[in-house]
Amino acid sequence: MRITVTVDGVAYTDEVEPRTLLVHHLRERLGKTGTVVGCDTSNCGACTVHLDGRSVKSCSVLAVQAHGREVTTVEGLAPDGRLHPVQRAFHENHALQCGFCTPGMIMQAIDLLADNPDPDEDEVRHGLEGNLCRCTGYQNIVRAVRDAAARTRAGGAG
């Protein structure tokens with residue numbers, strides 16, 4: 001099946017098997033390796049990307065379902081090399097250890113902040129509950145999301 005999908009602002013047209021998952025298309029066909037393959041069951045959230053501006057777990061979306069749509073990956077957040085405010089907050093708040101979950105956490109956090117620009121700690125935890133981290137205990141992740149929210153509200157991009 002022939003699809004055209006815009007990924008990080010660039011249109012790609014490819015032939016794909018109808019059963020190809022979006023995560024595999026992004027990684028294997030387009031080289032977007034920041035989108036991590038985690039559990040392949042949509043439980044961990046490591047593969048989270050934005051599809052038409054909303055977060056989705058790309059292991060639960062077929063590539064053909066992205067036909068004619070826009071996908072943003074973690075690589076697309078900083079096209080000019082300048083970190084997105086959430087990326088910067090994750091870095092500055094040490095919101096990672098191994099880093100495996102970080103791309104999905106960042107993508108989900110951006111979606112959360114689009115819906116709720118001033119979340120309290122419980123709202124951050126609830127907003128990220130579909131994304132798992134095995135090594136941080138979430139404290140610094142929550143701190144980073146709240147920091148990014150505060151900076152964004154204050155008009156500071158980072």
Side-chain angles (χ1 to χ4, degrees), residues 5-10 21-28 30-63 65-66 69-158:
V5 60
T6 300
V7 180
D8 299 333
V10 178
L21 295 174
L22 180 57
V23 67
H24 296 300
H25 182 66
L26 292 170
R27 289 180 60 80
E28 297 163 14
L30 304 183
K32 300 294 184 172
T33 56
T35 303
V36 181
V37 176
C39 62
D40 266 339
T41 61
S42 77
N43 287 316
C44 75
C47 67
T48 301
V49 298
H50 292 170
L51 183 61
D52 293 335
R54 299 307 308 206
S55 64
V56 298
K57 294 176 182 178
S58 61
C59 74
S60 65
V61 176
L62 297 171
Q65 291 175 291
R69 299 173 78 182
E70 282 194 40
V71 175
T72 304
T73 69
V74 72
E75 290 100 333
L77 296 179
D80 60 358
R82 188 167 180 217
L83 294 179
H84 183 280
V86 174
Q87 290 174 307
R88 180 171 302 286
F90 267 65
H91 173 75
E92 291 177 0
N93 287 277
H94 311 287
L96 58 99
Q97 283 182 20
C98 80
F100 191 80
C101 71
T102 304
M105 286 283 186
I106 288 171
M107 299 307 286
Q108 184 61 33
I110 291 168
D111 195 38
L112 165 67
L113 295 176
D115 287 341
N116 182 355
D118 189 15
D120 63 27
E121 182 176 331
D122 288 338
E123 291 168 326
V124 171
R125 289 181 183 280
H126 179 73
L128 297 178
E129 72 183 4
N131 291 69
L132 302 178
C133 177
R134 299 283 187 222
C135 53
T136 68
Y138 300 95
Q139 298 296 0
N140 289 348
I141 292 171
V142 173
R143 187 175 298 121
V145 174
R146 296 197 69 220
D147 181 41
R151 290 177 192 216
T152 301
R153 286 191 317 275

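Here the structure is a predicted model, which means the values were calculated and not measured. Note: hydrogens, waters and symmetry copies are ignored here, and every other heavy atom, side chains too, is used.
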Could you measure the distance from the [atom1] atom of [X] to the [atom2] atom of [Y]? Nearest 0.5 Å is fine.
X      : Y      : atom1 : atom2 : value
Asp80  : Leu83  : CG    : CG    : 9.5 Å
Cys135 : Leu96  : SG    : CG    : 8.5 Å
Arg125 : Ile141 : CZ    : CD1   : 9.0 Å
Asp120 : His126 : CG    : NE2   : 11.5 Å
His25  : Leu62  : NE2   : CG    : 12.0 Å
Asn43  : Cys59  : CG    : SG    : 8.0 Å

Test side-chain hydrogen bond (donor to acceptor under 3.5 Å, both in side chains) applied to [X] - qualifying residues, sequence neighbours left out:
X     : answer
Thr48 : Asn131
Glu28 : His24
Gln97 : none

Practice item. Please list all pairs passing the salt bridge (charged side-chain N to carboxylate O under 4.0 Å, His left out) test where one or both residues lie in residues 94-103, with sequence neighbours left out. Key: none
Practice item. Can you run down the salt bridge (charged side-chain N to carboxylate O under 4.0 Å, His left out) pairs that involve residues 129-148, sequence neighbours left out, and say none if there aren't any? Key: Asp147-Arg151
For [X] and [Y], which heavy atoms make the closest approach, and how far apart are they?
X     : Y      : answer
Ala78 : Arg82  : CB-O, 3.2 Å
Val74 : Pro103 : CG1-CB, 3.9 Å
Ala46 : Phe100 : CB-CE2, 4.0 Å
Cys39 : Cys44  : SG-N, 3.4 Å

Revision key, fill the gap. Residue set satisfying salt bridge (charged side-chain N to carboxylate O under 4.0 Å, His left out) with Glu70, at least two apart, ordered chain then number -> none
Exercise for review: Apply salt bridge (charged side-chain N to carboxylate O under 4.0 Å, His left out) to Asp118 and list each qualifying residue two or more places apart in sequence or on a separate chain.
Suggested key: Arg153
Check your understanding: Side-chain contact, heavy-atom cut-off 4.5 Å: Val23 with Arg27?
Key -> yes
Review point. How about Val86 and Val145: do any of their side-chain heavy atoms sit closer than 4.5 Å?
Key: no
All side-chain contact (heavy atoms from CB on, under 4.5 Å) counterparts of [X], not counting sequence neighbours:
X      : value
Arg69  : Leu51, Asp52
Asp8   : Lys32, Thr72, Thr73, Glu75
Ala144 : Ala89, Phe90, Asn93, Ala95

Exercise for review: For Ser58 and Leu22, indicate whether the former's side chain and the latter's backbone hold a donor-acceptor pair under 3.5 Å.
Suggested key: no
Anything under 3.5 Å between a donor and an acceptor, one on a side chain of residues 105-113, the other on a protein residue two or more places apart or in another chain? List them.
{"residue": "Gln108", "atom": "OE1", "partner": "Ser55", "partner atom": "OG", "Å": "2.7"}
{"residue": "Gln108", "atom": "NE2", "partner": "Gly127", "partner atom": "O", "Å": "3.2"}
{"residue": "Asp111", "atom": "OD1", "partner": "Arg54", "partner atom": "NE", "Å": "3.1"}
{"residue": "Asp111", "atom": "OD1", "partner": "Arg54", "partner atom": "NH2", "Å": "3.3"}
{"residue": "Asp111", "atom": "OD2", "partner": "Arg54", "partner atom": "NH2", "Å": "3.4"}
{"residue": "Asp111", "atom": "OD2", "partner": "Ser55", "partner atom": "N", "Å": "3.4"}
{"residue": "Asp111", "atom": "OD2", "partner": "Ser55", "partner atom": "OG", "Å": "2.8"}

